[in-house]
Amino acid sequence: VSTREAGGLYVHVPFCRRVCPYCDFAVRTARPEQVERYVHAVVREAALWADWSEPLDTIYIGGGTPSRLAPEQLGRLLAALRASLPVDPEAWITLEANPEDVDREQVAAWRALGVRTLSLGVQSFDEEQLRFLVRLHSPQQARRAVELALEASFDVVSIDLIYGLPGQSDAALSRDLARAVELGPQHLSCYQLTVHEDTTFGRWRATGRLSEAGEDRQADMFLQVHRTLQGAGYPAYEVSNFARAPRFESRHNKKYWAHVPYLGLGPSAHSLRVHERWWNLRDVRAWQARVDAGSRGVDSSERLGAAELALEAVMLGLRTVAGIDLEAFRARHGIDLVSRNARLVARLAEEGRCRLEGGRLRLTQDGLAIADRVAGELELRESGP
Amino acid sequence: MKNVRNFCIIAHVDHGKSTLADRLIQACGGVSAREFHDQLLDSMELERERGITIKSNSITLEYRAADGETYQLNLIDTPGHVDFSHEVRRSLMACDGAILVVDASQGVEAQTVANAYLAIEHDLEILPVVNKIDLPAADVERVREEIVADLGLDGESAIAVSARQGTNIDAVLRGIVERLPPPTGDPDAPLRALIFDAYYDPYRGVILNVRVREGRLRKGDTIRFMHAGTEHEVDEVGIQRLGREPRAELVAGGVGYVMTGIKSIKEVAVGDTVTQADQPASEPIPGYKAARPVVFSSLYPMTTDEVPELTRALEKLSLNDAALVYQKDSSTALGFGFRCGFLGLLHLDVVQERLKRESDVSLILSAPSVLYKVTLHDGTTRDVDNPALWPDPGTIREVQEPYIRAAILVPEKYMGSVMTLCRDYRAVDLSMSYLAVGRVEVVSIMPLGEVLFDFHDKLKSLTRGYGSYDWDELDYRPADIAKVDILVNKERVDALAFLCHASKARPRALHYCEQLAEAIPRHQFKIPVQGAIGADIIARSTINAFRKDVTAKCYGGDITRKRKLLEKQKKGKERMKLVGSVEIPQEAFVAVLRTDQDT
């Protein structure tokens with residue numbers, strides 16, 4: 001596990017005005033005084049991690065809806081993080097915001113707090129789709145939010161989109177993508193809708209009220225997104241992430257995909273250090289009670305053995321367009337990935353699913369669409385059946 | 001001898017035979033409350049679960065009648081299912097009378113009729129009992145009428161009981177003593193004893209259950225099995241109570257056990273006659289019929305390292321299942337396994353269930369087959385029960401397949417659809433008769449091979465569970481049989497091949513292909529699944545290649561969860577059979593056998 005690269009700091013803000021029907025994150029609605037209590041708790045939790053020694057050069061404030069925090073609260077929070085933890089003065093700060101929270105004043109305040117990437121939870125520019133997703137903003141608000149953010153000259157403005165809603169046509173998807181591209185953000189995250197069991201959509205699916213697109217339709221949409229954005233100057237650098245240039249790629253998220261250490265604060269946040277991963281209590285109140293009592297909000301942890309690390313490295317590496325550096329993989333995990341899987345790799349290459357170039361194994365667009373499957377198929381043991 | 005009664009209880013499945021047996025045993029003080037087991041005679045867990053009795057067994061009860069006399073009641077249990085009718089026969093041969101149990105709500109059903117006729121055929125006196133009179137749907141009078149109309153028995157004197165609630169059990173005991181005859185037979189004639197059951201005891205070896213017809217049987221005797229021709233020393237004789245109780249001798253008319261130290265159940269043919277080696281009887285007891293397997297299937301473990309475990313499990317199972325025959329077999333696709341012979345589909349099912357229960361082996365079964373008689377152009381004839389051994393069609397002059405006489409009992413309103421079903425299953429001779437108002441018996445002469453294709457389930461669903469059937473082997477008749485190969489990704493999977501009538505080959509092959517295509521997960525490449533006769537492709541289905549399998553979000557919190565899913569997926573792969581470059585899960589083999597087709 002690399003320790004040369006500086007780590008990342010994640011803060012989970014668990015509040016939303018309304019819980020979206022597809023969301024399976026740890027979120028809830030809350031009154032202002034609960035939000036204030038939460039801020040106190042994060043400040044306290046950061047202090048409880050004062051012995052964390054890995055340098056941190058990214059801060060990602062995600063959720064939930066971090067734009068629910070007042071700039072003053074955000075400022076206090078950032079100051080506390082810097083005071084308690086080895087945060088680089090130049091640390092790259094990303095903030096997630098919902099379009100309905102964005103106005104001229106807010107963006108100026110965020111900019112003043114040093115936020116460099118503003119990630120906007122637009123989801124769609126289509127009125128009907130927004131209604132289906134039960135979002136609180138209109139297409140106009142979404143456009144306005146992006147424009148304001150771009151005017152405020154953040155280093156990166158990113159738009160989150162969801163695609164693959166039931167019944168979404170190729171044309172509708174095209175329109176959504178075109179509207180995002182038109183606005184000219186530096187970064188796009190396009191997530192195919194995933195229906196999780198314990199969500200409103202999950203319950204709808206169970207009762208037949210919502211049906212997911214079939215595998216072939218999903219694949220078609222996935223490829224449409226990748227091809228369209230590639231053509232529009234936003235090549236993918238990961239399964240769901242697209243950037244106009246490498247410098248706009250998410251520094252923080254790339255740490256997750258490379259086993260770089262990260263510390264997570266707030267309910268449900270995950271952390272990784274060397275061979276250990278742990279995660280905080282998912283429930284806001286439980287987490288808060290724990291922290292208020294003077295303990296870290298950790299729920300549970302796991303130790304990553306050689307097999308787990310190798311599997312994760314493959315699973316995460318294959319999701320990136322850069323792919324897996326085979327020599328580095330061999331040095332770190334002791335496995336010659338390609339010769340161990342010569343037949344599979346040859347077949348994938350023949351089908352145009354992967355490429356071997358520059359000492360890297362990388363998946364093509366068709367390959368990325370089945371990245372999990374490929375990760376599952378690759379043999380990572382010394383000698384297998 | 002006049003105070004002995006040898007009887008059995010016969011019934012359609014689920015009519016309450018075992019419950020009544022338990023009540024009789026209880027009433028005779030055979031069991032203390034602690035010892036009482038729900039279904040005492042069904043000693044195997046599986047049999048209890050399935051509500052059927054597979055192994056015969058017997059128990060001796062002491063009944064003190066109102067007249068002050070003590071009677072020895074030998075209750076001989078019989079298997080209750082159609083697949084085991086030969087076992088029913090030999091149990092009946094040990095009896096002088098039978099209690100016929102009929103469910104007060106269901107009435108006379110197919111196996112009630114079949115069993116009653118068997119009992120009559122064996123000259124048994126029949127004591128009808130109407131059971132489950134406590135049920136709300138009970139209609140005792142209607143059932144009495146059915147007993148008269150369908151069976152020609154005295155329904156009016158049938159004893160109405162609820163075995164579950166223990167109602168009227170004493171009337172049954174009185175009926176046994178008063179209405180069933182005592183045994184006959186000369187105690188001083190040369191010994192003739194019928195082996196009606198045998199089971200393996202890990203400490204004592206094979207234990208025989210016998211009914212002594214004539215003569216006497218004592219410890220130390222040298223006995224001879226008249227059909228097998230083998231001789232054995234008798235170590236012990238006795239009667240079966242809750243445990244075994246040794247006795248000095250078993251005398252004509254009696255029922256009991258014999259220990260000889262025989263180590264393998266295969267050395268004992270149930271139905272054989274025991275006589276004294278030094279003073280043998282001149283003729284064995286008539287009616288001996290060897291149990292012959294009629295349905296064949298190959299069993300393979302999912303992984304080759306499970307072969308030893310499967311071997312052990314089969315050996316263990318066959319210790320107590322003389323009807324199960326097996327030999328080593330090997331498949332190109334599935335590796336080593338066993339070719340097994342069964343008495344019928346239910347027997348196959350029971351064996352499979354028991355193997356599953358008693359070992360951790362995940363089993364794959366090949367399509368069941370009957371035994372075909374194949375005559376080649378060179379005049380030689382061979383028996384073939386395995387598609388793998390099917391001769392080159394060019395060398396075949398004629399094939400004959402086994403026919404059965406199936407007796408199907410259904411409510412009248414289903415008669416038309418049942419006749420159609422039989423015709424679909426290539427019945428060549430259909431007749432029907434009214435048994436009672438609203439009930440008909442359809443007799444169908446049809447190939448046994450057809451019945452293997454889900455006939456039973458079809459019949460059950462067609463008749464909403466009211467139809468039932470029993471069958472007997474009849475004869476062999478010429479047939480146009482084809483071997484259908486199944487090709488997965490253009491490779492023949494030998495274990496999936498099946499034999500069937502040429503006219504059925506196409507629809508059945510298509511069904512197989514579709515089932516397989518459903519059950520085999522997508523791969524990274526498109527997989528054709530084809531059915532073929534020789535080089536002719538007669539059916540085809542396709543498994544599309546994977547196109548989409550990737551999580552949309554994979555950040556801090558998603559990584560562990562996703563990794564665990566992949567670990568599970570990798571584990572699952574180990575439980576797949578690699579055929580060529582296609583991974584076939586065990587479920588796929590099972591799915592193919594679930595022939596819920598429309599043909």
Side-chain angles (χ1 to χ4, degrees), chain A residues 8 10 12 25-26 60 62 162 164 189-194 215-223 238-240 253 256-257 262 264 268-272 277 279 302 304 307-308 311-312 314-316 318-319 343-344 347-348 351 353 366 368-377 379-380 385, chain B residues 301-307 333-335 362 489-491 517-527 542-586:
Chain A
Y10 176 77
H12 187 76
F25 288 175
Y60 193 108
I162 293 181
S189 296
C190 297
Y191 300 109
Q192 189 145 27
L193 177 70
T194 309
E215 181 173 340
D216 290 318
R217 177 74 193 128
Q218 287 192 26
D220 289 342
M221 295 186 109
F222 180 87
L223 293 174
E238 195 253 5
V239 165
S240 303
N253 288 340
Y256 294 131
W257 306 328
Y262 44 90
S268 83
H270 279 56
S271 306
L272 174 82
R277 180 176 291 124
W279 46 93
E302 64 173 350
L304 300 171
E308 285 81 17
L311 177 56
E312 285 191 2
V314 165
M315 163 186 116
L316 297 169
L318 288 178
R319 294 176 61 86
R343 263 185 71 179
L344 176 60
R347 200 168 57 209
L348 288 169
E351 290 163 359
R353 304 263 206 191
D366 285 312
L368 282 180
I370 57 161
D372 288 351
R373 177 59 46 173
V374 177
E377 304 264 325
E379 183 54 66
L380 301 176
Chain B
M302 266 312 275
T303 57
T304 45
D305 52 359
E306 290 175 308
V307 173
L334 301 182
S362 8
N489 205 25
K490 315 254 173 170
E491 285 196 48
E518 269 297 278
I520 298 175
R522 286 186 176 207
H523 280 55
Q524 276 152 11
F525 42 91
K526 200 180 248 198
I527 303 166
T542 304
I543 303 162
N544 283 324
F546 271 126
R547 291 202 54 214
K548 181 72 185 13
D549 185 357
V550 66
T551 317
K553 291 195 179 189
C554 204
Y555 304 116
D558 309 304
I559 296 172
T560 296
R561 184 171 35 178
K562 186 67 215 168
R563 189 196 73 238
K564 291 200 163 143
L565 278 175
L566 284 182
E567 284 166 352
K568 218 169 121 188
Q569 187 182 318
K570 280 178 183 286
K571 274 233 150 29
K573 275 162 67 83
E574 289 166 14
R575 308 301 296 170
M576 300 224 203
K577 268 287 174 193
L578 193 64
V579 173
S581 45
V582 179
E583 285 161 353
I584 307 183
Q586 187 201 6

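By convention in this document, chain letters (A, B, ...) are assigned in the order of the sequence lines, proteins followed by strands, and residues within each chain are numbered from 1.
For the options B:Leu566, B:Asn544, B:Thr560, B:Leu578, heavy-atom pairs under 4.5 Å to chain A are most numerous at B:Thr560. Taking A:Thr194, A:Leu311, A:Val239 one by one and counting their heavy-atom pairs under 4.5 Å with chain B, the maximum is reached by A:Leu311. Contact tally against chain B (heavy-atom pairs below 4.5 Å) for A:Arg319, A:Gln192, A:Gln218: the top residue is A:Arg319. If you tally non-hydrogen atom pairs under 4.5 Å between each of A:His270, A:Arg373, A:Glu351, A:Glu238 and chain B, the highest count goes to A:Arg373.
Contact check on B:Arg547 versus A:Asp220 returns a salt bridge, with a Lys/Arg side-chain nitrogen under 4.0 Å from an Asp/Glu carboxylate oxygen. Salt-bridge formation is detected for the pair A:Arg277/A:Glu312: a Lys NZ or Arg NE/NH1/NH2 atom is positioned less than 4.0 Å from an Asp or Glu carboxylate oxygen. Under the 4.0 Å criterion applied to side-chain N and carboxylate O atoms, A:Arg347 and A:Glu377 are not assigned as salt-bridge partners. Looking at B:Lys548 and A:Glu215, no side-chain N of the basic residue comes within less than 4.0 Å of a carboxylate O on the acidic one, giving no salt bridge.
Listed by chain and residue number, nothing satisfies the side-chain hydrogen bond (donor to acceptor under 3.5 Å, both in side chains) test with A:Ser240 (two or more places apart in sequence, or in another chain). With sequence neighbours left out, A:Tyr256 forms a ring pair (Phe, Tyr, Trp, His ring centres under 6.0 Å) with A:His252, A:Tyr262.
Around the CD atom of B:Gln569, the shell of radius 6.0 Å holds more than 12 heavy atoms that belong to other residues, nucleotides or ligands.
Residue B:Thr303 does not touch chain A at all, counting heavy-atom pairs closer than 4.5 Å. Of the atoms belonging to A:Leu193, not a single heavy atom falls under 4.5 Å from chain B. Interface remark: A:Leu316 contributes side-chain atoms only to the contact with chain B (heavy atom separation under 4.5 Å). Proximity to chain B (any heavy atom under 4.5 Å) is shown, for A:Tyr10, by neither the backbone nor the side chain. If you measure heavy-atom distances from B:Lys564 to chain A, the contacts under 4.5 Å come from the side chain alone.
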